[in-house]
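The structure under discussion appears below in the form of structure tokens.
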Amino acid sequence: MFDPTKLKDSIYDIIYNDDTIISLLDLTNKTDVEKAEHILKRNKWDELANDTKRLNIYHRPSSDTRNDILQRGIIQIDCHVPAKQDYIAENIIKRVKVLLHNRCIENHILKFAGQLGELPTMPGFYCFGCRFLFYYTI
């Protein structure tokens, strides 16, 4: 069964506990509160300022499949960084793909659905993202 909160929380925990991503986000030796301010389980944020780096994890609309009891779910993950550090966002998404592709999380196998390229963000920032597909019963 589909439990959006539980799935997103589990993905968050994997990313939050990865030393490579934490280092790329400049969160090494930061408090849990500081880390939580930069890794969000939604696509909205209060602000991006100075050299803020932010990673967002959120659901996109589901779609039907040929089977009436299955739905295809989508998780999107995107990273916002200062424009001059665009390579960091791409490296973070590359690492996310390594962590999540073909991984079974909460009884769902996540499949990398491709990179989304450069996404809209605030002036002076660069955003790069990707999506993962999974299937669930309704």
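All values derive from a computational prediction rather than experimental measurement.
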State the [atom1]-[atom2] distance between [X] and [Y], to the nearest 0.5 angstrom.
{"X": "T28", "Y": "D19", "atom1": "OG1", "atom2": "CG", "answer": "7.5 Å"}
{"X": "L110", "Y": "L99", "atom1": "CG", "atom2": "CG", "answer": "11.0 Å"}
{"X": "C79", "Y": "I92", "atom1": "SG", "atom2": "CD1", "answer": "3.5 Å"}
{"X": "H80", "Y": "H38", "atom1": "NE2", "atom2": "NE2", "answer": "13.5 Å"}
{"X": "K97", "Y": "F112", "atom1": "NZ", "atom2": "CZ", "answer": "6.5 Å"}
{"X": "C127", "Y": "D78", "atom1": "SG", "atom2": "CG", "answer": "4.0 Å"}

Looking at Y58, does the NZ or CZ of K41 lie under 6.0 angstrom from its six-membered ring centre and within 45 degrees of the ring axis?
no
Is [Y] reachable from [X] through a run of I, L, V, M, F, W or Y residues, each pair having side-chain heavy atoms under 4.5 Å apart?
{"X": "I88", "Y": "L27", "answer": "yes"}
{"X": "Y126", "Y": "Y87", "answer": "yes"}
{"X": "I138", "Y": "L133", "answer": "no"}
{"X": "V81", "Y": "L119", "answer": "no"}

So, for [X] and [Y], which heavy atoms are closest and what is the spacing to 0.1 Å?
{"X": "A36", "Y": "Y16", "result": "N-CE1, 4.3 Å"}
{"X": "G73", "Y": "S62", "result": "CA-OG, 3.9 Å"}
{"X": "V96", "Y": "C130", "result": "CG1-SG, 4.4 Å"}
{"X": "F134", "Y": "I74", "result": "CE2-N, 3.7 Å"}
{"X": "L25", "Y": "R54", "result": "CD2-N, 4.4 Å"}
{"X": "F128", "Y": "A89", "result": "CB-CB, 4.1 Å"}

Using the side chain to side chain contact (heavy atoms under 4.5 Å, CB included) criterion, which residues pair with [X]? Sequence neighbours excluded.
{"X": "R103", "answer": "I14, I105"}
{"X": "S63", "answer": "R72"}
{"X": "N17", "answer": "D13"}

Do the side chain of E106 and the main chain of H108 share a donor and acceptor less than 3.5 angstrom apart?
no
Say whether, by atom type as modelled, one donor and one acceptor occur between the side chain of S10 and the main chain of K6 under 3.5 angstrom.
yes
May I ask you to check whether Y135 and N67 show a side-chain donor-acceptor distance below 3.5 Å?
no
Hydrogens and angles aside, do K53 and Q85 bring a side-chain donor and acceptor to less than 3.5 Å of each other?
yes
Go through it in stages, so that I can follow the logic: the residues are I22 and I39, the test is side-chain contact (heavy atoms from CB on, under 4.5 Å), and I'd like the CA-CA distance, side-chain angles, deciding distance and then a yes or no.
CA-CA 9 Å; I22 294 301; I39 303 173; 3.9 Å; yes
Go through it in stages, so that I can follow the logic: the residues are L7 and I11, the test is side-chain contact (heavy atoms from CB on, under 4.5 Å), and I'd like the CA-CA distance, side-chain angles, deciding distance and then a yes or no.
CA-CA 6 Å; L7 178 62; I11 291 169; 4.1 Å; yes
Quick check on I109: does its CD1 atom have over 12 non-hydrogen neighbours (other residues, nucleotides or ligands) under 6.0 Å away?
no
Counting only heavy atoms not in N102 (residues, nucleotides, ligands), do more than 12 fall under 6.0 Å from its CG?
yes
Going by side-chain hydrogen bond (donor to acceptor under 3.5 Å, both in side chains), name the residues that satisfy it together with T65, two or more places apart in sequence or in a different chain.
none
If the condition is salt bridge (charged side-chain N to carboxylate O under 4.0 Å, His left out), which residues does D86 pass it with, not counting sequence neighbours?
none
With sequence neighbours excluded, what pairs up with R131 under the salt bridge (charged side-chain N to carboxylate O under 4.0 Å, His left out) test?
none
Is the closest side-chain heavy-atom distance between L100 and I75 below 4.5 Å?
no
Under a 4.5 Å cut-off applied to non-hydrogen side-chain atoms, are I77 and F132 in contact?
yes
